[in-house]
Structure formats: structure tokens, C-alpha cells
**Student:** 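Structure in C-alpha cells, see below.
First listed ligand is number 1; within each ligand, the first listed atom is number 1. Worth saying up front: this structure is predicted, and the values here are computed from it rather than measured.
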Amino acid sequence: MKILLTGGAGYIGSHTAVELIKAGHSVVIIDNLINSSEDVIKNIKRITGTEISFYKLDLRDDFSCVFSGHVFDACIHFAGLKAVGESVSLPLRYYNNNLISTLNLIKTLENHNCKNIIFSSSATVYGTPAEIPITEQCPKGTCTNPYGWTKWVIEQILTDLHVSDPSWNIVILRYFNPVGAHQSGLIGESPKGIPNNLMPYITQVASGRLEKLHIFGNDYETPDGTGIRDYIHVVDLAKGHVAALKALKKSSENQTSDDNGLLSVYNLGTGRGYSVLEMVNTFEKVNGLKVPYVIEGRRAGDIGICYSDPSKARRELNWKAEYGLEEMCRDSWNWEKNK
Ligand code: NAD
Ligand code: UDP
């Protein structure tokens, strides 16, 4: 299949490009490089040995020129701004970028008769989860920041779109906490400035770029008091998209009328939670490094425990995460030290 990847130069998009190519698909990438660089495209080529069609464009602008050279079977929509803290201080920037680019994308896909889309959503739509592990049915719409609201609103837009035109095939993927990097060390996560997320902070402390890790709270109701999350290796996450694409393809091929397209939502996580201290200890053990840390107060808006029930994706997509915490820590460090 020929797949349009929006935001394909980013962290998850680049790993997904590699897995799609490995699975025999071809990819075309649109990215405005607001949070990535053209080197990523070169490195996807190096890993896969395949030429990549890349367009440096903003999805909020007219990008129909891309369709003059390609006929797409499906689109995977990664593009968006994703920094939770920044979204609180710059909400309009987030609503503008994430919503307008999605609306423009849907219209453009429709104009070119491509009605198959996979959307990158997030566990953030569950807000403070009503149940653990979190199933797809868990109540939503209580987001704690503008970034989360953009994800929830886009899910709603896609759901309404499907109601109005059921010929669309739509898969919504709710990611838990992606970490790690491709084993080549050529692509990985490159946060600009001081990282907000735990794993890039740990790797930058290990490399000496940052002095010590600040652990946000050790008084949660967890075995060691630190927060628990469902970390997933980004390569596993990327493979989840290949599996979702298979379901999308099957649905669109079996579509006998205009009213039986697919609308499905899946959690992509491991189903296993690790605490901050478990992350630090495993990182130190696997890589033979020290990660100095200090315990501080809780971070505003944080929840204590968040991990997925990924069984729906296992049942329906025949996908499950394969990598464990040790590989996540090893590959994160391999990327950091190669940078
Ligand atoms: P990323 O920032 O590395 O990649 C996103 C890419 O989109 C970047 O390369 C950026 O330049 C591009 N982009 C942003 N706005 C654009 C626009 N208007 N037009 C064209 N390109 C644009 O982020 P990521 O970690 O790869 O995340 C991919 C998607 O997954 C995002 O939608 C994000 O919200 C979602 N997500 C990420 C995480 C995570 O922890 N990384 C968790 C849940 C969901
Ligand atoms: N965390 C931390 N120090 C940091 C960054 C994160 O202690 O510098 C903790 C955070 O409180 C949470 C976990 O690590 O319990 C994961 O945080 P992250 O921001 O990576 O993911 P999210 O909270 O968005 O799920």
C-alpha cells in the first residue's frame, strides 16, 4: 500500500516509516519540521535502503500538490504539537495547529478520494482514569490540559465524520508512554530544550548534559511511592500501526457499500506499569551507569498510576508489544550516546 505519513519526520512517525517499509509498504512523508529535521529522512533511507518522498509542508496550508504525484491507499496522521506544559501556556497555538491541520487534512483526503485514516491519539484522553488497567471503554473527556483536549476533540471530529459518511475507515490509536529508539541508533526522540518526559530526562542525566533527575513525588499509592506508567518501546508502537493498517485494508477491501466502513479505537501499551524508581534502577543496571536523582514534590496535573489494558488490540489486530523494560532502557541510551 502507499501510505501518506503526516509528521513522519517525528519520533513515532519515523519509526513507523521504517516498519511500514519493512512490511512492504511505500511511504510519503509530509512534515513542516517544526519539531524534527531533514536528517531524520536521510536516516530512514539509511536504515531501509529505500528512497523516501518527502514534502516540507505545513498541513494548515494547501498541500494538494502532494496528490498530483501519488495515489494514497491510507494516511497515518502523526503531525501535531505534543508538549503538555507548553499547551497550558500557549493553548491557542495548540488548538490552531492540531485542529486546523486535521480539518484541512480530512478535507484534502476526501477531495482525493482517500477515506482511510489512522490517527495518533493518546492515553491523555482518559484524564484521571476511572479504572486501572484502562480499557477503551473507560470514561473520557476529562482532559487536564489543552494538548489532551485537542486529541479528544479530534477523536470526536473523526467519530462525527464517520457518522455522517460511514464509507470512511478510521482507526484511532491511543498511545501510552513511548520510549526507546531504533536499534541502529540512527533515529530516536530529540526533544528541544529541557525534556519534559522521564526517559529523555534520564538519558540526558546519564550523559552528563543534565545534573540530576528530579523525581516528582514519592507519596503516591504505589509500592515505592513514585508514579507508575505504561512505557512501550517505540518500535513495538510502530508495529502497532502496521497491524492497524492491515485491519484498515481488510475493511476497505471488504466494503460492499458506502455505509460499512470501520471506526475502531485501540489502546497501544504493554499492559504493565513501571514506577519512576524502577525505570531509574533498570536504566542503571542495563547500561552500567549512574543516574543521580532527588525527590521533589508532585508535578501539577500528574496522576499516580496509568497503564493500559491492551487486550483489544491483541484480539482484533493480532498485535502485542514484545520488548521489555531492559530493551527500552538499552535502546534509549544507545540513541542518546550516538546523537
Ligand atoms: P514529534 O513532535 O516527534 O512528531 C510530530 C511531527 O509533526 C514533527 O516532526 C513536527 O515537525 C510535525 N508537525 C507538527 N505540526 C505540523 C504541521 N502543522 N504540519 C506538518 N507537520 C507538523 O511527536 P511524536 O512523539 O512522534 O508524536 C506523534 C503523534 O503522536 C503526535 O500527534 C502526538 O501528539 C502523538 N502522541 C505522542 C506521544 C508521545 O509521548 N510521544 C504520546 C501519545 C500521543
Ligand atoms: N517524571 C519525573 N521526573 C521527570 C519527568 C517525569 O519524576 O523529570 C515522572 C512523572 O511524574 C510520571 C512519570 O515520570 O510519574 C512519567 O512522566 P512523563 O512526563 O514521561 O509521562 P506522563 O506523565 O505524561 O505520562
Side-chain angles (χ1 to χ4, degrees), residues 5-16 29-38 40-41 55-61 63 76-85 87 93-94 96-102 104-105 119-126 144-145 147-148 150-151 154 173-179 187-192 194-202 204-205 210 212-218 220 222 225-232 234 237-238 241 268-269 273-280 293-307:
L5 301 186
T6 75
Y11 174 45
I12 303 170
S14 58
H15 288 81
T16 303
I29 291 176
I30 299 181
D31 200 304
N32 65 358
L33 304 181
I34 189 91
N35 198 36
S36 50
S37 80
E38 209 158 341
V40 176
I41 306 294
Y55 297 83
K56 182 175 182 290
L57 291 169
D58 192 304
L59 287 178
R60 291 167 294 177
D61 299 332
F63 61 93
I76 308 184
H77 180 33
F78 297 101
L81 297 174
K82 64 163 183 178
V84 171
S87 80
R93 181 168 186 243
Y94 274 67
N96 181 296
N97 189 75
N98 293 2
L99 298 185
I100 299 203
S101 55
T102 303
N104 200 27
L105 174 67
F119 172 61
S120 298
S121 190
S122 165
T124 192
V125 299
Y126 297 113
T144 52
N145 55 74
Y147 164 71
T150 68
K151 291 293 169 193
I154 293 169
L173 300 176
R174 296 187 184 133
Y175 310 153
F176 280 67
N177 291 59
V179 295
I187 52 174
E189 190 175 14
S190 293
K192 294 200 165 132
I194 296 178
N196 295 305
N197 294 116
L198 179 63
M199 184 59 98
Y201 208 106
I202 289 178
Q204 293 197 18
V205 171
L210 294 170
K212 55 180 180 269
L213 173 69
H214 303 262
I215 295 185
F216 301 137
N218 66 349
Y220 286 106
T222 62
T226 64
I228 288 180
R229 296 288 183 276
D230 185 341
Y231 299 95
I232 174 167
V234 67
L237 191 65
H241 295 75
L268 295 186
Y274 290 100
S275 74
V276 178
L277 282 174
E278 282 177 290
M279 295 294 285
V280 171
Y293 65 82
V294 60
I295 306 283
E296 300 207 343
R298 294 183 180 192
R299 181 170 65 178
D302 261 3
I303 52 174
I305 306 181
C306 174
Y307 63 90

**Student:** Say whether, by atom type as modelled, one donor and one acceptor occur between the side chain of D302 and the main chain of F216 under 3.5 angstrom.
**Tutor:** no

**Student:** Is the backbone of A9 close enough, under 3.5 Å, to the side chain of D31 for a donor and an acceptor to pair up by distance?
**Tutor:** yes

**Student:** Could you check whether the rings of F119 and H77 sit parallel, tilted or perpendicular, using 30° and 60° as the cut-offs?
**Tutor:** tilted

**Student:** With a cutoff of 4.0 Å, is L57 in contact with ligand 1, counting heavy atoms of the residue only?
**Tutor:** yes

**Student:** Check ligand 2 against N196 and write out every atom of the ligand that is under 4.0 Å from a heavy-atom position of the residue.
**Tutor:** 5 (C), 19 (O)

**Student:** Which is closest to atom 16 (C) of ligand 2 in terms of heavy atoms, F216, Y231, F176?
**Tutor:** Y231

**Student:** Just need the protein heavy atom nearest to atom 19 (N) of ligand 1, so name the residue and atom and give the distance.
**Tutor:** L59 N, 3.1 Å

**Student:** May I ask whether D58 places a heavy atom under 4.0 Å from ligand 1?
**Tutor:** yes

**Student:** What residue and heavy atom of the protein are closest to atom 5 (C) of ligand 1, and at what distance?
**Tutor:** G80 O, 3.8 Å

**Student:** Quick one: which ligand 1 atoms are inside 4.0 Å of a heavy atom on S121?
**Tutor:** 43 (C), 44 (C)

**Student:** For atom 24 (P) of ligand 1, find the nearest protein heavy atom and state the residue, atom name and distance (0.1 Å precision).
**Tutor:** K82 NZ, 3.7 Å

**Student:** Looking only at heavy atoms of Y147, does any of them come nearer than 4.0 Å to an atom of ligand 2?
**Tutor:** no

**Student:** Note the single closest protein heavy atom to atom 39 (C) of ligand 1, along with its residue, its atom name and the distance in Å.
**Tutor:** P178 CG, 3.5 Å

**Student:** Side-chain contact, heavy-atom cut-off 4.5 Å: V84 with N196?
**Tutor:** no

**Student:** Pick whichever of Y11, Y147, F63, F119 has a heavy atom sitting closest to atom 33 (C) of ligand 1.
**Tutor:** Y147

**Student:** Taking only heavy atoms of I215 into account, list the atoms of ligand 2 that are under 4.0 Å away from them.
**Tutor:** 7 (O)

**Student:** Verify the neighbour count for atom OH of Y293: are there more than 12 heavy atoms of other residues, nucleotides or ligands below 6.0 Å?
**Tutor:** no

**Student:** Please identify which atoms of ligand 2 are closer than 4.0 Å to at least one heavy atom of N177.
**Tutor:** 21 (O), 22 (P), 25 (O)

**Student:** Give the single entry among N98, V125, D31, I12 that approaches atom 37 (C) of ligand 1 most closely by any heavy atom.
**Tutor:** I12

**Student:** Heavy-atom contacts under 4.0 Å between K151 and ligand 1: side chain, backbone, both, or neither?
**Tutor:** side chain

**Student:** Between N32 (side chain only) and I34 (backbone N and O only), is there a donor and an acceptor less than 3.5 Å apart?
**Tutor:** yes

**Student:** How does L213 reach ligand 2, by side chain, by backbone, by both or by neither, if only non-hydrogen atoms under 4.0 Å count?
**Tutor:** side chain

**Student:** Does any N or O in the side chain of Y11 come within less than 3.5 Å of the main-chain N or O of V179, such that one atom is a donor and the other an acceptor?
**Tutor:** yes

**Student:** What are the two closest heavy atoms between L99 and T150, and how far apart are they?
**Tutor:** CD2-O, 3.9 Å

**Student:** I need the minimum non-hydrogen distance between P178 and I12, along with the two atoms involved.
**Tutor:** CG-CD1, 3.9 Å

**Student:** With atoms numbered from 1 as shown, which atoms in ligand 1 lie under 4.0 angstrom from a non-hydrogen atom of L33?
**Tutor:** 11 (O)

**Student:** Is the side chain of K151 donor-acceptor paired with the backbone N or O of A123 at a distance under 3.5 Å, no angle test?
**Tutor:** no

**Student:** To check your reading of the model: name the closest protein heavy atom to atom 2 (O) of ligand 1, its residue, and the distance in Å.
**Tutor:** N35 ND2, 2.7 Å

**Student:** Looking at ligand 1, does any of its N/O atoms fall within less than 3.5 Å of an N/O of S122?
**Tutor:** no

**Student:** Can you report which non-hydrogen protein atom sits closest to atom 18 (N) of ligand 1, along with the distance?
**Tutor:** N97 OD1, 2.9 Å

**Student:** Using heavy-atom distances, let me know which of N32, N197, I100, L268 sits nearest atom 16 (C) of ligand 1.
**Tutor:** N32

**Student:** Backbone, side chain, both or neither: what part of R298 comes under 4.0 angstrom of ligand 2, heavy atoms only?
**Tutor:** neither

**Student:** Any idea which protein heavy atom is nearest atom 12 (C) of ligand 2, and the distance to it?
**Tutor:** R229 NH2, 3.7 Å

**Student:** Out of curiosity, I305 CD1 to S275 OG, how far, rounded to the nearest 0.5 Å?
**Tutor:** 10.5 Å

**Student:** Using the six-membered ring of Y220, assess whether NZ or CZ of R298 lies under 6.0 Å from its centre and within 45 degrees of the ring axis.
**Tutor:** yes

**Student:** Parallel, tilted or perpendicular: which fits the ring planes of Y147 and Y94, with parallel below 30° and perpendicular above 60°?
**Tutor:** perpendicular

**Student:** Is it true that a side-chain atom of N104 and a backbone atom of L59 form a donor plus acceptor pair closer than 3.5 Å?
**Tutor:** yes

**Student:** In the protein, which heavy atom is nearest to atom 10 (C) of ligand 2, and how far is it?
**Tutor:** D302 OD2, 3.4 Å

**Student:** List the closest protein heavy-atom neighbour of atom 30 (O) of ligand 1: residue, atom name, distance to the nearest 0.1 Å.
**Tutor:** Y175 CE1, 3.3 Å

**Student:** Got the closest protein heavy atom to atom 17 (O) of ligand 2, with its distance?
**Tutor:** R299 NH2, 3.4 Å

**Student:** Which ligand 2 atoms are under 4.0 Å away from a heavy-atom of H214?
**Tutor:** 2 (C), 3 (N), 4 (C), 7 (O), 8 (O)

**Student:** Considering both backbone and side-chain atoms of I34, is one of its nitrogen or oxygen atoms within less than 3.5 Å of a nitrogen or oxygen in ligand 1?
**Tutor:** yes

**Student:** Say whether L198, considering both its backbone and side-chain N or O atoms, lies within less than 3.5 Å of an N or O atom on ligand 2.
**Tutor:** yes

**Student:** Using a 4.0 Å heavy-atom cut-off, say whether N197 meets ligand 2 through its side chain, its backbone, both or neither.
**Tutor:** both

**Student:** Just going by heavy-atom distances, which of Y231, F78, Y55 is nearest to atom 28 (C) of ligand 1?
**Tutor:** F78

**Student:** Tell me which protein heavy atom sits closest to atom 4 (O) of ligand 1, plus the residue, atom name and distance to 0.1 Å.
**Tutor:** G10 CA, 3.4 Å

**Student:** Taking all non-hydrogen atoms of both residues into account, name the closest pair between I29 and I41 and its distance.
**Tutor:** CD1-CD1, 3.9 Å

**Student:** Quick check against the 3.5 Å criterion: does N197 have a side-chain atom that pairs as donor or acceptor with the backbone of P200?
**Tutor:** no

**Student:** Which heavy-atom pair separates F176 from C306 by the least distance, and what is that distance?
**Tutor:** CE2-SG, 3.9 Å

**Student:** Passes side chain to side chain contact (heavy atoms under 4.5 Å, CB included), L198 versus N177? Steps please.
**Tutor:** CA-CA 10 Å; L198 179 63; N177 291 59; over 6 Å; no

**Student:** For T6 and F78, indicate whether the former's side chain and the latter's backbone hold a donor-acceptor pair under 3.5 Å.
**Tutor:** yes

**Student:** Which bit of V276 is near ligand 2, meaning a heavy atom under 4.0 Å away: side chain, backbone, both or neither?
**Tutor:** side chain

